[in-house]
There are 2 protein chains.
Amino acid sequence: MSQPPERAVPTSTDVARRAGVSRATVSYVLNNAAAVRISEPTRRKVREAADELGYVPHAGARSLRSGHTRMVLLPSAHIPVGPLYSGFFNDLQWALRRLDYTVVQYGSLGLDGDGAARAWAELRPVAVVSLGEISLTPHGVNVLKRSGAKAVITLGPQRVAGAHALVMDQREIGCGAVSHLVERGRRRIGVVMPEEPGLGFFSQPRLAGARSSAAASGAHVEPVPLAYTERSAAALARRWRALGLDGVYAYNDEYAMLLMRALQDEGIDVPGETSVIGADDLLLGRLLRPRLSTVRVDLVTGQRLAELVDRVVRDPGGEPERHDLMGARAVARESS
Amino acid sequence: MSQPPERAVPTSTDVARRAGVSRATVSYVLNNAAAVRISEPTRRKVREAADELGYVPHAGARSLRSGHTRMVLLPSAHIPVGPLYSGFFNDLQWALRRLDYTVVQYGSLGLDGDGAARAWAELRPVAVVSLGEISLTPHGVNVLKRSGAKAVITLGPQRVAGAHALVMDQREIGCGAVSHLVERGRRRIGVVMPEEPGLGFFSQPRLAGARSSAAASGAHVEPVPLAYTERSAAALARRWRALGLDGVYAYNDEYAMLLMRALQDEGIDVPGETSVIGADDLLLGRLLRPRLSTVRVDLVTGQRLAELVDRVVRDPGGEPERHDLMGARAVARESS
DNA sequence: TTGAAAGCGTTACCAG
DNA sequence: CTGGTAACGCTTTCAA
């Protein structure tokens, strides 16, 4: 079954030759061109020839000729862990495919804003949906638009000049968590800051939100570094009483579960001595005892985002819009 | 800041005109061509012109001309949830980028094997690394190779003719789990089958492995459907005693945690009355009491896989290799 | 119905 | 060092 080393890639010329027609005819048949009517026998011949040769059109050549693509590019550096996010992602892909777009995730780990924008622009995507891990600059947006991108949409904490923005203000999460703890009478509140790389983009604004909420109510906020390991959690738990905190917002449910268990193992009563709240409303948080309180986040649905992409692509003229779309609300369970 | 609606995309011709040089010179400068020596002032002029125009080369045109790309395509239907997988993914992307490849994940949700292969082939990737969710057929492999892919590598339960295979036999996981339970004296063993779509690809072979292990030791295996909701778990727990099972392998740690909690809430002692084991060795599994036993899986590192890709791309002639790479071993904690 | 030809942006080759 | 030219694969307009 192994091929001769340098077998040429079949082109539409090969298909045409094999079917005994012109290249134009091949193109018409394979693209179901409505403008011209081709006889059924000819169509059959063309299709058969294409099949036999294993002909697949060259997307680059096509876009070169047509001047556009149907590619929606989603930059992805770290894929955030969690069912919330991956569910959203899958929805979005599915919805965009329904609208006949080709969805491509471009691994952009280790590229800076403008370098990334240039790399993306080389592919001439019709739209870019930036999930916010790569900070797109106004200049980057410009490069993309100049390169033919009809829609540049950012999903993140703030808008970027020139791009449509779906503003998901992570601060609301920290704010909601701390407000909840304050309502419960907590005054000295720890905020877990993950030590894992790549999370600062989320954890920093969450901390800022926590701070602003605390400031409004005269509570104290204390950032607490924590790595996602049992060791780190145990070490933190050991010096917990020295910190003198009576409540903690632990970044998300996973860190919260880890910390809560460590506190319990250290003999610290939750929520009696310390209240704990996470974020993301993971199912697993309900399995611990006490059940983990959390901040639930309403993400935009993939379907709605896909519709926005399509609308902007069809009518790129409009001024960039800004939608605020994150609702964050605390869900009280038993740990707070 | 908004652009005139139909601003043309700048090309190397525009750059050449603006810099007052020929297109060839632009190409030489921008690609750092070693063969020709261009004066420093000229280089500067060209770079400035490119910058001012926001020129970005057209990847399609380039690949058309050069006849190849540096794109490594990773099909992704569902992104499997979990730190294991996303860590591997990020490693792989990073390592491939180091080797100067462009990594692109292609959303292939809802495409069948051959349709997907054709869609991928349109992009003329130099390599395709299929994570196995999309079942690549021998015919699909052929289409890809014909379209110029030097390396087609599958990561999955079995090899596909014509492709290099990194065989990760999911059966080993089910096998390891059930063997562990049998060693613990369990004879009637439930195997949780997730009801969520898209997991059959993993759960079926795991069940098969469980069956073969049970057959070898005369134990009984009973497939048990379970959705990833508390309701479903509670319902299953309620009829648990009627099932008469004394051990359960729960697909992975997340389902295992869910089920274990439901069993405990129903008053069923774990591991006294029923042993529970999961898979994937999630950190969270160690937070429950009893601590969750699990099957740990050794995935190939992204670095090694990247090296394989590069090697095959450079020397595509060789016969497809097959590497067996999954080690699965049970980790006994307290739930079994 | 089909064919011929132009042109999309890029780069390699070859003469100046 | 620079510029002209051709070719990559494809679509589309115009003509036959």
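In what follows, every chain begins at residue 1, and chains take the letters A, B, ... in the order their sequences are listed.
A:Thr25 has a side-chain polar atom (N or O) that falls below the 4.0 Å cut-off from OP1 or OP2 of C:dG3.
A nucleotide of DNA chain D counts as in contact with chain A when one of its atoms lies under 4.0 Å from a heavy atom; the first and last such, 5' to 3', are D:dG9 to D:dT13.
The side chain to side chain contact (heavy atoms under 4.5 Å, CB included) test applied to B:Leu136 returns B:Ala117, B:Trp120, B:Ser130, B:Val141, B:Leu144, B:Val152, B:Thr154, not counting sequence neighbours. Taking A:Arg17 as the reference, A:Asp14 meet the salt bridge (Lys or Arg N to Asp or Glu O under 4.0 Å) condition, with sequence neighbours excluded. Partners of A:Arg44 according to the salt bridge (Lys or Arg N to Asp or Glu O under 4.0 Å) rule, which considers only residues two or more places apart in sequence or in another chain, are A:Glu48. Partners of B:His139 according to the side chain to side chain contact (heavy atoms under 4.5 Å, CB included) rule, which considers only residues two or more places apart in sequence or in another chain, are B:Asp114, B:Thr137, B:Val143. Legend: residues meeting salt bridge (Lys or Arg N to Asp or Glu O under 4.0 Å) with B:Asp91, ordered by chain and number and at least two apart, are absent. Taking B:Arg304 as the reference, B:Val300, B:Thr301 meet the side chain to side chain contact (heavy atoms under 4.5 Å, CB included) condition, with sequence neighbours excluded. Every residue two or more places apart in sequence or in another chain that forms a salt bridge (Lys or Arg N to Asp or Glu O under 4.0 Å) with B:Glu321 is listed here: B:Arg311.
Within 4.0 Å of A:Ser63, counting heavy atoms only, lies no atom of the nucleic acid at all.
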Donor-acceptor contacts, no H, no angles, side chain residues 19-28 of chain A, under 3.5 Å, sequence neighbours left out:
| from | atom 1 | to | atom 2 | distance (Å) |
| --- | --- | --- | --- | --- |
| A:Ser22 | OG | A:Ala24 | N | 3.4 |
| A:Ser22 | OG | A:Thr25 | N | 3.3 |
| A:Ser22 | OG | A:Thr25 | OG1 | 3.1 |
| A:Ser27 | OG | A:Asn31 | ND2 | 3.3 |

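Between B:Val21 and B:Leu64, the residue whose closest nucleotide on DNA chain D is further toward the 5' end is B:Val21.
Comparing the end axes of the helix from C:dT1-D:dA16 to C:dG16-D:dC1, each fitted to five base pairs by superposing C1' atoms of four pairs onto the next four, gives an inter-axis angle of 40° (nearest 10 degrees).
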For a quick check, with a 4.0 angstrom heavy-atom cut-off, what is the B/S/- contact string for nucleotides 10-16 of chain C, read 5' to 3'?
BBSB---
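Screening residues 156-170 of chain B for salt bridge (charged side-chain N to carboxylate O under 4.0 Å, His left out) gives B:Asp169-B:Arg171 as the qualifying pairs, with residues at least two apart or on separate chains.
Under a cut-off of 6.0 angstrom, the local environment of CZ in A:Arg118 is sparse, with at most 12 non-hydrogen atoms contributed by other residues, nucleotides or ligands.
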